[in-house]
Amino acid sequence: HYIVLQNVWLADHNEPVHIDHLVISVYGLFVIKQITAGGLISGKPGDARWLRSTRRKEHAFPNPLFECLNKVKALRSVLGLDANLLNFALVFTGKVKFSAPMPVNVTRLDGLPLFIEGRDKLLIAFDDLPVLLGRIRAARPRMGWWRNPVRTAIP
């Protein structure tokens with residue numbers, strides 16, 4: 001039911017778009033941004049910057065939800081998909097705690113399967129999955145289109 005792609009690059013109008021992980025299923029597409037960090041994560045969905053606190057220091061970083069939304073918009077634009085087919089998840093793979101409740105699409109790695117499996121409404125016909133995969137392959141940047149050759153994990 002699920003096709004998992006890693007390190008996906010798409011040719012957008014302005015610049016290539018990198019997606020850490022892309023899950024394609026009959027339940028929709030899931031853009032997954034992975035953040036490897038530990039500590040206490042503070043921030044609200046609308047805040048411009050979030051804060052990561054460890055025993056030794058605090059580090060402010062741009063709100064990763066905004067980047068996720070931009071990747072979803074780019075994927076939608078490049079593939080011409082309806083917005084209701086797309087989901088995104090922000091996944092922290094380090095040992096983290098959240099200072100406040102986060103949206104359901106912000107989770108630790110162990111919460112990702114529940115987030116994805118929680119989407120159980122059929123949105124894409126099973127027979128359309130290979131076509132969608134082909135469209136993703138066709139949307140990859142061409143060699144030399146960008147400064148470096150592009151490698152993806154698309155089979």
Side-chain angles (χ1 to χ4, degrees), residues 1-39 41 43 45-50 52 59 61-96 98 102-155:
H1 293 282
Y2 300 96
I3 300 168
V4 180
L5 306 176
Q6 298 176 2
N7 195 25
V8 176
W9 286 90
L10 300 172
D12 193 13
H13 300 295
N14 299 324
E15 61 185 48
V17 174
H18 177 254
I19 298 173
D20 294 337
H21 307 279
L22 180 62
V23 177
I24 303 166
S25 74
V26 293
Y27 309 110
L29 282 78
F30 299 84
V31 173
I32 301 169
K33 175 161 179 56
Q34 175 181 327
I35 297 179
T36 304
I41 307 295
D47 292 346
R49 299 190 67 72
W50 285 8
R52 180 171 64 96
H59 172 70
F61 59 100
N63 183 339
L65 290 175
F66 298 154
E67 183 180 350
C68 289
L69 288 171
N70 288 336
K71 291 175 189 283
V72 168
K73 287 178 189 175
L75 182 65
R76 181 178 178 211
S77 171
V78 167
L79 300 179
L81 297 174
D82 190 83
N84 70 351
L85 298 178
L86 300 168
N87 297 283
F88 74 90
L90 176 60
V91 178
F92 286 87
T93 59
K95 206 170 186 182
V96 297
F98 300 113
M102 289 286 173
V104 294
N105 57 339
V106 178
T107 185
R108 291 186 259 325
L109 185 58
D110 60 353
L112 182 60
L114 290 174
F115 172 75
I116 292 176
E117 292 168 1
R119 306 311 188 261
D120 58 0
K121 181 179 177 187
L122 294 175
L123 300 173
I124 301 171
F126 187 77
D127 293 341
D128 291 339
L129 294 180
V131 173
L132 190 54
L133 185 58
R135 289 173 57 196
I136 292 168
R137 282 189 185 121
R140 292 184 292 188
R142 303 289 177 243
M143 296 292 265
W145 185 78
W146 188 34
R147 283 183 264 143
N148 300 313
V150 176
R151 296 184 185 143
T152 68
I154 297 177

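Counting from 1, the numbers follow the sequence of the chain as shown.
Remark: the backbone N or O of P64 is not paired with any side-chain donor or acceptor of K33 at under 3.5 angstrom. Side-chain N or O atoms of N63 include one that pairs as donor or acceptor with a backbone N or O of P45 at under 3.5 Å. R76 places a side-chain N or O within donor-acceptor distance of the main-chain N or O of L81, the cut-off being under 3.5 Å. Proximity of a side-chain donor or acceptor of R137 to a complementary backbone N or O of L133 within less than 3.5 Å is not detected.
When side chains are defined from C-beta on, R49 counts as touching P62, because their heavy atoms get closer than 4.5 Å. Residues N87 and N105 are not in side-chain contact: their nearest non-hydrogen atoms beyond the backbone lie 4.5 Å or more apart. Here the side chains of L65 and F88 are in contact, with some heavy-atom distance below 4.5 Å. Using a 4.5 Å cut-off on side-chain heavy atoms (C-beta onward), N7 and D20 make no contact. By the 4.5 Å heavy-atom criterion applied to side chains, L10 and I136 are counted as neighbours. Here the side chains of H18 and W9 are in contact, with some heavy-atom distance below 4.5 Å. By the 4.5 Å heavy-atom criterion applied to side chains, V23 and I3 are not counted as neighbours. Contact of the L112 side chain with the I32 side chain is registered, since non-hydrogen atoms from C-beta on lie closer than 4.5 Å.
Residues meeting the side chain to side chain contact (heavy atoms under 4.5 Å, CB included) test with D110, sequence neighbours left out: R108.
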>> Working note: L29 + L75, criterion side-chain contact (heavy atoms from CB on, under 4.5 Å); need CA distance, chi angles, decisive distance, verdict.
In response: CA-CA 10 Å; L29 282 78; L75 182 65; 4.0 Å; yes
> Should Y27 and I124 be marked as a side-chain contact (heavy atoms from CB on, under 4.5 Å) after you check the CA-CA gap, both sets of side-chain angles, and the distance that decides it?
Replying inline: CA-CA 6 Å; Y27 309 110; I124 301 171; over 6 Å; no
>> Pair L123, V26 - check side-chain contact (heavy atoms from CB on, under 4.5 Å), show working.
In response: CA-CA 6 Å; L123 300 173; V26 293; over 6 Å; no
>> The test is side-chain contact (heavy atoms from CB on, under 4.5 Å); show your working for L86 and F30 and say whether it passes.
In response: CA-CA 6 Å; L86 300 168; F30 299 84; over 6 Å; no
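Looking at every heavy atom in both residues, G43 comes nearest to W50 through CA-CD1, 3.5 Å. Pairing each heavy atom of F115 with each of V104, the nearest pair is CD1-O, 3.6 Å. The heavy-atom pair separating V78 from A11 by the smallest distance is CG2-O, 3.5 Å.
Going from atom NZ of K73 over to atom SG of C68 covers 12.0 Å, rounded to the nearest 0.5 Å. Separation of atoms CD (E67) and CZ (F61) is listed at 11.0 Å; rounding is to 0.5 Å. Rounding to the nearest 0.5 angstrom, the gap separating the CG atom in L114 from the OG1 atom in T107 is 7.5 Å.
Under the 6.0 Å cut-off for aromatic ring centres, F92 and F98 qualify, their centroids lying closer than that.
Of the candidates V96, T93, L109, T36 forms a side chain to side chain contact (heavy atoms under 4.5 Å, CB included) with just one, namely T93. Residue V106 forms a side chain to side chain contact (heavy atoms under 4.5 Å, CB included) with just one option from L90, I41, I35, and that option is L90.
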